[in-house]
Amino acid sequence: MGYLNSVLSSGSQVYADDVSVSGGGISQNGKFSYGYASSPGKRSSMEDFYETRIDGVHGEIVGLFGVFDGHGGARAAEYVKQNLFNNLIGHPKFISDTKSAIADAYSHTDSEFLKLENSQNRDAGSTASTAILVGDRLLVANVGDSRAVICKGGKAIAVSRDHKPNQTDERQRIEEAGGFVIWAGTWRVGGVLALSRAFGDRLLKQYVVADPEIQEEKIDSSLEFLILASDGLWDVVTNEEAVGMVKPIQEPEKAATRLMQEAYQRGSADNITTVVVRFLTNQGTSSL
Ligand SMILES: *[C@@H]1O[C@H](CO)[C@@H](O)[C@H](O)[C@H]1NC(C)=O
Ligand SMILES: CC(=O)N[C@H]1CO[C@H](CO)[C@@H](O)[C@@H]1O
């Protein structure tokens, strides 16, 4: 009995390590480094996706980072990963009016995905939490509850809002569109979905919109790093705890892995995906 227990428990540890992935890199201009870690957690199928990308757009180096947490299957999250940033980079106003380009790219990606879903009579959905770095601007956009948190001036600050159906303005928007929010284990749109905004969700689309909320931060020496993560992290780790764990770890891949492992050890039963971006703008210049 004792032997079997110890084999089983060490087995589940190994399992987490076996299937988890991590990686990272640094921008060519040395302005930021990034890392990611992703694990399907204690269940067996993976519905979290992420994208980390550095690209040149009209001569500017741009960073694009995203976490996409699927529900009702992995299709929506995978589709958004594959298409959202291409649609955004290809937008004619990407540099001149980045915020409206982001809103357009979200809406265009959602309608293209819904066309596929309609034709196949399917109904998957996904959150998206994205961070775009252009020049000295950080633009964070999201639908759903994959939260973005920054460390600025040493403090943890959420730079996205979780889109939950029982938030007063979200509930009002849903009810004005003819929908309803009821308690079914948690607050749910139409008694079904525990998110008030998402990609996909064809059958609830009138209420569950893909309009992102966008927040902007200046990238200056007070901005240390950014964390994007699926609720597999945020269900068991507070914003302050996450920032405290990342702070002493210079290498973003190690920091992202540390967050993922902590969530796993605290028993998170969900897919866990974390992305950490460290801003290097003024590193090493403080002594000049
Ligand atoms: C929404 O419901 C959750 C419980 O599911 C609760 O913790 C939270 O405070 C509620 N938020 C609002 C704005 O009512
Ligand atoms: C391995 C794992 O936890 N998979 C889960 C990922 O998330 C989706 C939706 O929350 C679940 O249905 C999977 O079981």
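Both counts, for ligands and for their atoms, begin at 1 and track the order of listing. As the structure is a prediction and not an experimental result, all values here were calculated from the model.
Crowding of Lys99 atom NZ: a count of heavy atoms from other residues, nucleotides or ligands under 6.0 Å exceeding 12. Within 6.0 Å of atom NZ in Lys247, more than 12 heavy atoms from other residues, nucleotides or ligands are found, so the atom counts as buried in its surroundings.
In this structure, Tyr79 has its ring center no closer than 6.0 Å to that of Phe68.
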After noting the C-alpha distance and the side-chain angles of Ile89 and Val62, does the key distance pass the side-chain contact (heavy atoms from CB on, under 4.5 Å) rule?
-> CA-CA 9 Å; Ile89 284 178; Val62 176; 5.8 Å; no
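Side chains of Asp145 and Leu195 form a contact here, defined as non-hydrogen atoms less than 4.5 Å apart.
In terms of the salt bridge (Lys or Arg N to Asp or Glu O under 4.0 Å) criterion, Lys31 has no residue partners (sequence neighbours excluded).
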In a simple table, one pair per line, please give the protein and ligand 1 atom names for every N or O pair closer than 3.5 Å, along with the distance.
{"from": "ligand 1", "atom 1": "2 (O)", "to": "Asn166", "atom 2": "ND2", "distance (Å)": "2.2"}
{"from": "ligand 1", "atom 1": "11 (N)", "to": "Asn166", "atom 2": "ND2", "distance (Å)": "3.0"}
{"from": "ligand 1", "atom 1": "14 (O)", "to": "Asn166", "atom 2": "ND2", "distance (Å)": "3.4"}

